[in-house]
Amino acid sequence: MPTDDLPEAFHVTTDDQLRAVSNLTRHRIMAVLRFEPATITQIAERVGLAKGSSSYHVRLLERAGLVKVVRTRKVRGVTERYYAMAARSIVLPEPGEGGPDVLMRHAVADLEAAPAGAERHVRMAHLRLTDEQFAELGERLQALADEYRELSDPTLPDVSLVFALFHPAQGEQTDGGAK
């Protein structure tokens with residue numbers, strides 16, 4: 001399905017939408033629909049769910065406006081629906097102070113579920129940057145992610161890229177020595 005006609009972003013603004021994206025199973029269903037439409041049966045197979053569970057989660061995503069039916073066809077008298085993402089990306093609200101960051105929780109869960117021994121690149125760097133450097137690095141990371149998203153080929157295996165650039169809590173910073 002061409003994504004040219006999709007909106008660039010879907011902004012999560014309601015509690016129902018936030019609940020829909022906060023569930024790890026629904027997060028994984030949206031990952032299946034990231035590049036191409038799929039039926040409930042196809043989604044169930046790819047995520048490892050029963051068809052009934054898959055249907056339940058897709059209905060919640062559809063009610064929240066995150067996925068939509070993009071095509072139907074008759075198969076042995078039954079209407080088969082193909083679902084796809086409602087936008088190219090989903091923009092989550094900033095978590096409240098001390099609130100969980102849904103995106104990071106899902107990323108860690110996906111990382112932990114990745115096949116053992118599979119190639120991966122995980123790094124953490126502690127930096128000291130000016131406000132301008134911080135902003136520039138954020139823009140460069142986003143541009144790099146956008147560049148590779150444009151190169152994505154739905155026939156190739158999924159690859160996940162997650163980055164977080166943030167100022168840690170002040171009590172966490174040290175001057176290079178032990179407290």
Side-chain angles (χ1 to χ4, degrees), residues 2-36 46-47 57 60-61 64-67 84-179:
T3 57
D4 296 343
D5 58 343
L6 283 180
E8 183 60 36
F10 180 96
H11 292 266
V12 171
T13 57
T14 70
D15 288 341
D16 286 341
Q17 292 167 342
L18 189 56
R19 274 191 295 278
V21 298
S22 294
N23 179 277
L24 184 59
T25 298
R26 292 189 284 274
H27 162 76
R28 290 182 172 154
I29 288 170
M30 289 186 293
V32 166
L33 301 175
R34 180 180 316 136
F35 292 112
E36 60 188 347
R46 292 178 191 160
V47 178
H57 288 290
L60 287 176
L61 289 167
L66 295 156
V67 302
M85 294 299 300
R88 291 180 191 212
S89 64
I90 295 173
V91 179
L92 298 175
E94 292 294 324
E97 176 122 3
D101 190 313
V102 171
L103 182 63
M104 286 294 120
R105 284 188 306 165
H106 290 335
V108 169
D110 285 347
L111 179 62
E112 290 171 343
E119 182 180 7
R120 63 189 202 173
H121 304 274
V122 179
R123 303 289 181 273
M124 183 172 186
H126 297 280
L127 310 170
R128 292 197 173 181
L129 304 172
T130 65
D131 288 343
E132 293 79 21
Q133 291 169 324
F134 181 89
E136 178 189 351
L137 181 55
E139 290 169 8
R140 288 176 62 188
L141 289 169
Q142 186 62 52
L144 189 61
D146 291 344
E147 176 186 339
Y148 276 85
R149 186 176 67 178
E150 290 299 319
L151 297 173
S152 290
D153 179 343
T155 64
L156 296 174
D158 278 355
V159 173
S160 291
L161 170 66
V162 178
F163 60 87
L165 179 63
F166 61 96
H167 294 284
Q170 290 300 314
E172 302 290 321
Q173 296 178 355
T174 65
D175 288 324
K179 285 188 171 182

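Fair warning: this is a prediction, and the values are worked out from it, not measured in the lab.
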Would you say Tyr148 has more than 12 foreign heavy atoms packed within less than 6.0 Å of its OH? no

Sorted by chain and residue number, the side chain to side chain donor-acceptor pair (under 3.5 Å) partners of Glu139 (sequence neighbours excluded) come out as none

With sequence neighbours left out, what residues match Asp16 under side chain to side chain donor-acceptor pair (under 3.5 Å)? Arg19

Using side chain to side chain donor-acceptor pair (under 3.5 Å) as the criterion, list what pairs up with Asn23, not counting sequence neighbours. none

Contacts of Asp153 that satisfy side chain to side chain donor-acceptor pair (under 3.5 Å) - sequence neighbours left out: Thr155

Between the CD atom in Gln133 and the CZ atom in Arg128, the distance rounded to the nearest 0.5 Å is 13.0 Å

Just how far is it from atom CE of Met30 to atom OG1 of Thr25, taken to the nearest 0.5 Å? 10.5 Å

Could you point out which residue of Gln17, Arg88, Met85 forms a side-chain contact (heavy atoms from CB on, under 4.5 Å) with Phe10? Gln17

Using a 6.0 Å cut-off, check whether atom CZ of Arg140 has over 12 heavy atoms from anything other than its own residue. no

I'd like to check the ring pair (Phe, Tyr, Trp, His ring centres under 6.0 Å) partners of Phe134; sequence neighbours left out, ordered by chain and number. His167

Applying side chain to side chain contact (heavy atoms under 4.5 Å, CB included), name anything that partners Leu137, two or more places apart in sequence or on another chain. Leu127, Leu129, Leu141, Leu165

Please identify each residue that fulfils side chain to side chain contact (heavy atoms under 4.5 Å, CB included) with Ala86, with sequence neighbours left out. none

I'd like to check the salt bridge (Lys or Arg N to Asp or Glu O under 4.0 Å) partners of Asp158; sequence neighbours left out, ordered by chain and number. Arg34

For Leu92, which residues count as a side chain to side chain contact (heavy atoms under 4.5 Å, CB included) partner, sequence neighbours excluded? Val12, Val21, Ile90, Val102, Leu103

Report the residues that fulfil salt bridge (Lys or Arg N to Asp or Glu O under 4.0 Å) with Glu132, sequence neighbours left out, ordered by chain and then residue number. none

Once rounded to the nearest 0.5 Å, what's the spacing between atom CG of Leu161 and atom CG of Leu144? 7.0 Å

Side chains of residues 107-116: which donor-acceptor partners sit under 3.5 Å, not counting sequence neighbours?
{"residue": "Asp110", "atom": "OD1", "partner": "Arg28", "partner atom": "NE", "Å": "3.0"}
{"residue": "Asp110", "atom": "OD1", "partner": "Arg28", "partner atom": "NH2", "Å": "3.2"}
{"residue": "Asp110", "atom": "OD2", "partner": "His27", "partner atom": "NE2", "Å": "2.7"}

Test side chain to side chain contact (heavy atoms under 4.5 Å, CB included) applied to Ala9 - qualifying residues, sequence neighbours left out: His11, Ser89, Val91

